[in-house]
Amino acid sequence: MRRLAAAFWLATLLGLAQQRLSVQELISFVRSSIQLRHPDRQVADYLKKVELTERLDDSVIEQLRALGAGPRTLDALKALAQASRELPAPAPPPPKPPQPALPPPSPAEQQRIIEQVREYALHYTRSLPDFICTQVTRRYVDPTGLEFWSQQDVITARLTYFEQREDYKVILINNRPANVDYDRLEGATSTGEFGSMMRELFAPETQARFRWERWATLRGRRTHVFSYFVEQPRSRWRISYQKTLEINPAYRGLIYVDSETLAVARITLEAVGIPPDFPIQEASTVLDYDYVDIAGRKFWLPLRAVVRMREGKLLLRNEVEFRMYRKFAAEATITFETPEPLPEEKIKEQPPQ
């Protein structure tokens, strides 16, 4: 019945006198003809009776060719392009109507999400296997304070996670062999990405205040975005300077929660109210998590951390990537190398989908 109706529709069109069409109407007709499998000859015969009101560009013909327009149809389209070359260009298509905004979860649902994420965060490290990975830290400095960055060095370390404890060993500095303890490195370093940062944020004694902010898309997955604030007396985020001065500032930030699994996909931290006499005046961290395959099983593990600090005009930025995860084996012989940086789509937030 559908084929008969389509054939009748085309026969009716062929019987009409010369038609005046816009380019968009022409495209719609040819697309429909291809989808309904109208004979190439009949489509071409109809196009010979068409008069365009706008200029037909070769790019449109190529698009229709890619969709499956037949050779006779293409010849007719080329004739229309020649006949319409002096006509004005087609008007731009109207903008697509904006997609309706996703409604936020109800207050009760928001509270349920936070409580489930809290349970997840407090027990996160217990779910991790023993593993080894390569930690690559690219350190940048800017003495002008104007975001004119220059790379200081690249540190490649072996990170061993065994019985819920982290151990760092520097293997390469600027791709040259090194044998340095991680905590003896000069300059800015960071630790705590494997659970302690998340656990401390959600610990009941921290009493972080959460508020739902928006939807977002991260690494192709829809996420809840919550803001939070931790008061200074309850903060356990430690910032030290030259291993001699140390503070635990108040901090605020965002937490991205996967809408399906309720796993934490990103945490951001920003220090608040740093004492004016402390050398570091600004400090922030962004920590991303993603699925990682270890011995044929998927685990949700740190992907990348970006640490920024300011001392006077001096800006410091560490980009830390956790790569090449593999199962821990004490007797294994492992060769370490410095992989290329992660692609932008792995770390950039996208609009909600």
Side-chain angles (χ1 to χ4, degrees), residues 1-106 212-225 256 258-261 265 290-291 342-353:
M1 180 63 71
R2 180 183 177 188
R3 187 178 297 275
L4 289 174
F8 175 76
W9 173 71
L10 181 60
T12 301
L13 288 176
L14 293 173
L16 295 176
Q18 191 171 46
Q19 301 291 304
R20 289 176 58 82
L21 298 179
S22 68
V23 169
Q24 190 58 50
E25 291 170 335
L26 174 73
I27 293 172
S28 297
F29 167 74
V30 176
R31 283 176 177 268
S32 297
S33 299
I34 295 170
Q35 293 172 357
L36 296 171
R37 299 183 181 179
H38 289 155
D40 183 33
R41 182 191 294 274
Q42 289 184 326
V43 176
D45 287 344
Y46 171 71
L47 293 178
K48 292 175 183 177
K49 299 181 180 182
V50 165
E51 178 183 348
L52 289 177
T53 60
E54 303 165 324
R55 183 172 67 244
L56 177 63
D57 292 330
D58 292 341
S59 60
V60 175
I61 299 176
E62 289 305 310
Q63 292 174 17
L64 295 174
R65 183 200 302 275
L67 291 174
R72 296 176 186 270
T73 298
L74 293 172
D75 288 341
L77 290 170
K78 291 175 183 177
L80 285 171
Q82 179 67 20
S84 66
R85 65 183 184 278
E86 301 298 332
L87 294 177
K96 294 181 179 180
Q99 293 184 345
L102 291 170
S106 67
W212 195 93
E213 293 288 338
R214 65 179 187 273
W215 295 102
T217 301
L218 202 58
R219 288 176 282 284
R221 300 175 68 89
R222 181 183 297 172
T223 61
H224 302 276
V225 182
Y256 293 65
D258 187 282
S259 61
E260 293 184 9
T261 65
D290 199 5
Y291 279 116
L342 288 164
E344 187 71 13
E345 61 268 17
K346 274 284 190 179
I347 54 180
K348 189 174 182 181
E349 178 184 338
Q350 302 292 333
Q353 297 177 359

Under the salt bridge (Lys or Arg N to Asp or Glu O under 4.0 Å) test, residues paired with [X] that sit two or more places apart:
X	value
Asp40	none
Glu213	Arg211
Arg214	Glu349
Asp57	Arg55

- [ ] Name all residues meeting the side-chain hydrogen bond (donor to acceptor under 3.5 Å, both in side chains) criterion together with Trp215; count only those two or more places apart in sequence or in a different chain, and write none if there are none.
- [x] none
Inter-residue atom distance [X].[atom1] - [Y].[atom2], 0.5 Å rounding:
X	Y	atom1	atom2	answer
Leu47	Lys78	CG	NZ	13.5 Å
Thr261	Tyr291	OG1	OH	4.5 Å
Ile61	Thr73	CD1	OG1	11.5 Å

Exercise: identify the closest heavy-atom pair between [X] and [Y]:
X	Y	value
Thr53	Ser22	OG1-CA, 3.5 Å
Ile34	Ala69	CD1-N, 3.5 Å
Arg20	Glu25	O-OE1, 4.2 Å
Ala44	Ala76	O-CB, 4.1 Å

- [ ] On the 0 to 90° scale, with breaks at 30° and 60°, tag the Phe29-Tyr46 ring pair as parallel, tilted or perpendicular.
- [x] tilted
- [ ] Verify, without hydrogens or angle tests, whether Arg221 (side chain) and Ala265 (backbone) share a donor-acceptor contact under 3.5 angstrom.
- [x] no
Open item on the list: For the backbone of Arg222 and the side chain of Ser259, can you confirm whether one donor and one acceptor N or O come within less than 3.5 Å of each other?
Closed with: yes
Task: Flag side-chain contact, heavy atom, 4.5 Å: Glu54 against Leu52 - done: no
Task: Pair Leu64-Leu26, side chain to side chain contact (heavy atoms under 4.5 Å, CB included): steps then yes or no - done: CA-CA 10 Å; Leu64 295 174; Leu26 174 73; 5.5 Å; no
Using distance only, find each side-chain donor-acceptor pair of residues 80-89 under 3.5 Å and give its atom names and separation, not counting sequence neighbours.
{"from": "Ser84", "atom 1": "OG", "to": "Leu56", "atom 2": "N", "distance (Å)": "3.1"}
{"from": "Ser84", "atom 1": "OG", "to": "Leu80", "atom 2": "O", "distance (Å)": "2.8"}
{"from": "Ser84", "atom 1": "OG", "to": "Ala81", "atom 2": "O", "distance (Å)": "3.4"}
{"from": "Arg85", "atom 1": "NH1", "to": "Gln82", "atom 2": "O", "distance (Å)": "2.7"}

